[in-house]
Number of protein chains: 2
Amino acid sequence: MKRSELQSEFLEALTKASRKIRTAFNQRVTAHGLTYPRARALWRLAEKPDMAQAELAFELELEQATMVRLLDRMEENGLIERRPSLNDRRVKLIALTPHGEEQATLVRCVADQMRQEVFADIDKDDLRGLTLLLQTITGRVADLEDHHVDA
Amino acid sequence: MKRSELQSEFLEALTKASRKIRTAFNQRVTAHGLTYPRARALWRLAEKPDMAQAELAFELELEQATMVRLLDRMEENGLIERRPSLNDRRVKLIALTPHGEEQATLVRCVADQMRQEVFADIDKDDLRGLTLLLQTITGRVADLEDHHVDA
DNA sequence: CCCATATCATTAGTACGCTAATTATAAGCC
DNA sequence: GGCTTATAATTAGCGTACTAATGATATGGG
């Protein structure tokens, strides 16, 4: 097979895998009234509570404006609370409600279970090598963007 | 490193790579008044003209309802035309306009160039291996969904 | 021929994602 | 202290994604 065909095939496989995983995860949590983005936010907040919105947005690689709406709905659903920071009156800290804590636990269970099932008999060394390759590719794309900005 | 950590790391790398590529590609085509989904549609239509909307939606793995809006805007931008099918009065066939053809060519150029730059010195066998693994994972996730539906 | 069923495109409504512009506050500098 | 600049959250507006419901047409069975 030609080099370019291999590359195209790889790109297609990458896109497909990524979307499949997201969709499957989404299906499993929507049954509990969640969505994939909310689940990601809950997961992160459970690990590191009381983040400012900007900080959470950075960690989830979302824009602040996107974060605002997401948190609006999570607040409506009783998953989180916005609390004013004492040090900086511009900042609002995000805290999980008890309900949010429960849902975060659920999210972790679903994720762990899915991970185990999907990677059941995947070789550890293969996984390690491919993770490295993916990281290389990601870095290469980031470089491209930088050059693109320079121009 | 523990098995579960490796798996998590792989998932993160996968998600990140996929998003980076999509974003980078998007940046390059928006300069020409396109978007990533429109570029994908143009690409597919250039390869296989006069598809019905449902067929195009299937190939791009989008819902028909999503396709409608996307094509609405592509029609407004003069990229495509909807033509009634002669065989089936429910069906509308999608044809590229001359402008659409031009843009499709541009899309292909951008994609080819990006592909070459990103994969410049990636080993062919590595790529093959990763593609296989990704396909395995995709299949595994698909199986999970089926079982989930059964339950 | 007719009716039940299926399929195509569409609309309505919701949820994300982005950029750009606004408002409130903070921080640095003369 | 007052002015410039930077940062936090928000709003507004767009584009894309989904599901559910609709209306028009096809299709197969009796």
Side-chain angles (χ1 to χ4, degrees), chain A residues 15 18-20 22-31 33-42 50-77 79-94 145 149, chain B residues 15 18-20 22-31 33-42 50-77 79-94 145 149:
Chain A
T15 308
S18 175
R19 195 194 46 250
K20 268 280 181 206
R22 184 169 43 76
T23 305
F25 187 80
N26 204 50
Q27 275 190 4
R28 295 195 174 202
V29 292
T30 44
L34 292 177
T35 66
Y36 179 70
R38 290 178 200 178
R40 283 215 308 154
L42 286 177
D50 294 321
M51 275 189 281
Q53 293 190 194
E55 192 184 355
L56 181 56
F58 176 78
E59 299 224 356
L60 298 180
E61 306 189 72
L62 296 174
E63 297 304 313
Q64 287 189 20
T66 303
M67 205 70 244
V68 171
R69 308 271 195 182
L70 189 55
L71 292 175
D72 282 349
R73 293 190 194 101
M74 290 177 73
E75 204 168 18
E76 287 166 17
N77 285 45
L79 293 167
I80 58 126
E81 270 182 21
R82 284 173 161 108
R83 294 183 188 152
S85 164
L86 301 178
N87 307 326
D88 186 335
R89 282 194 292 172
R90 293 170 304 179
V91 170
K92 294 180 185 170
L93 304 177
I94 311 304
E145 284 193 41
V149 168
Chain B
T15 309
S18 174
R19 195 195 45 248
K20 268 281 180 207
R22 184 170 42 77
T23 305
F25 187 81
N26 203 52
Q27 275 190 3
R28 297 197 171 198
V29 293
T30 45
L34 291 177
T35 65
Y36 178 71
R38 288 176 201 179
R40 284 216 306 154
L42 285 178
D50 294 322
M51 275 190 281
Q53 293 190 195
E55 192 182 355
L56 181 56
F58 176 77
E59 299 223 355
L60 299 180
E61 307 189 70
L62 296 174
E63 296 303 313
Q64 287 190 19
T66 303
M67 207 67 246
V68 171
R69 309 271 193 179
L70 188 55
L71 292 174
D72 283 349
R73 294 194 191 99
M74 290 178 73
E75 202 168 20
E76 287 165 18
N77 286 42
L79 294 167
I80 58 125
E81 269 182 22
R82 284 172 161 110
R83 294 182 187 154
S85 164
L86 301 178
N87 306 326
D88 186 334
R89 282 193 291 173
R90 292 170 305 178
V91 170
K92 294 181 184 168
L93 303 178
I94 310 302
E145 283 193 42
V149 168

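The sequence lines fix the lettering, A, B, ..., with proteins before strands; numbering per chain opens at 1.
- Residues meeting the salt bridge (Lys or Arg N to Asp or Glu O under 4.0 Å) test with B/Glu63, sequence neighbours left out: none.
- Shown here are the side chain to side chain donor-acceptor pair (under 3.5 Å) partners of B/Arg83, two or more places apart in sequence or in another chain: B/Glu81.
- At a threshold of 4.0 angstrom between heavy atoms, the contacts of A/Arg38 are confined to the sugar-phosphate backbone, with no base atom among them.
- Between A/Thr66 and the phosphate of C/dC18, there is a side-chain N or O to OP1/OP2 separation shorter than 4.0 Å.
- Between the two ends of the helix from C/dC1-D/dG30 to C/dC30-D/dG1, each summarised by a five-pair axis, the helix axis turns through 10° (rounded to 10 degrees).
- Remark: A/Asp88 engages A/Arg90 in a salt bridge (Lys or Arg N to Asp or Glu O under 4.0 Å) (not counting sequence neighbours).
- B/Asp50 meets the side chain to side chain donor-acceptor pair (under 3.5 Å) test with no other residue; sequence neighbours excluded.
- Listed nucleotides D/dC18, C/dC16, D/dG15 differ in distance to B/Thr35; the shortest reach to its side chain belongs to D/dG15.
- Under the rule for a side chain to side chain donor-acceptor pair (under 3.5 Å), B/Gln64 has no partner lying at least two apart in sequence or in another chain.
- Rounded to whole Å, atom C1' of D/dG15 lies 14 Å from atom CG of B/Leu79.
- Between B/Met51 and B/Ile94 the shortest side-chain heavy-atom distance does not fall below 4.5 Å.
- In this view, A/Arg19 and B/Glu61 satisfy the salt bridge (Lys or Arg N to Asp or Glu O under 4.0 Å) rule, not counting sequence neighbours.
- Taking A/Thr15 as the reference, nothing meets the side chain to side chain donor-acceptor pair (under 3.5 Å) condition, with sequence neighbours excluded.
- Nearest-nucleotide positions on DNA chain C for A/Pro37 and A/Arg89 put A/Pro37 closer to the 5' end.
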query = Along nucleotides 3-11 of chain D, 5' to 3', which nucleotides get a B, which get an S, and which get a -, given that the test is a protein heavy-atom distance under 4.0 Å?
reply = ---BBSBBB
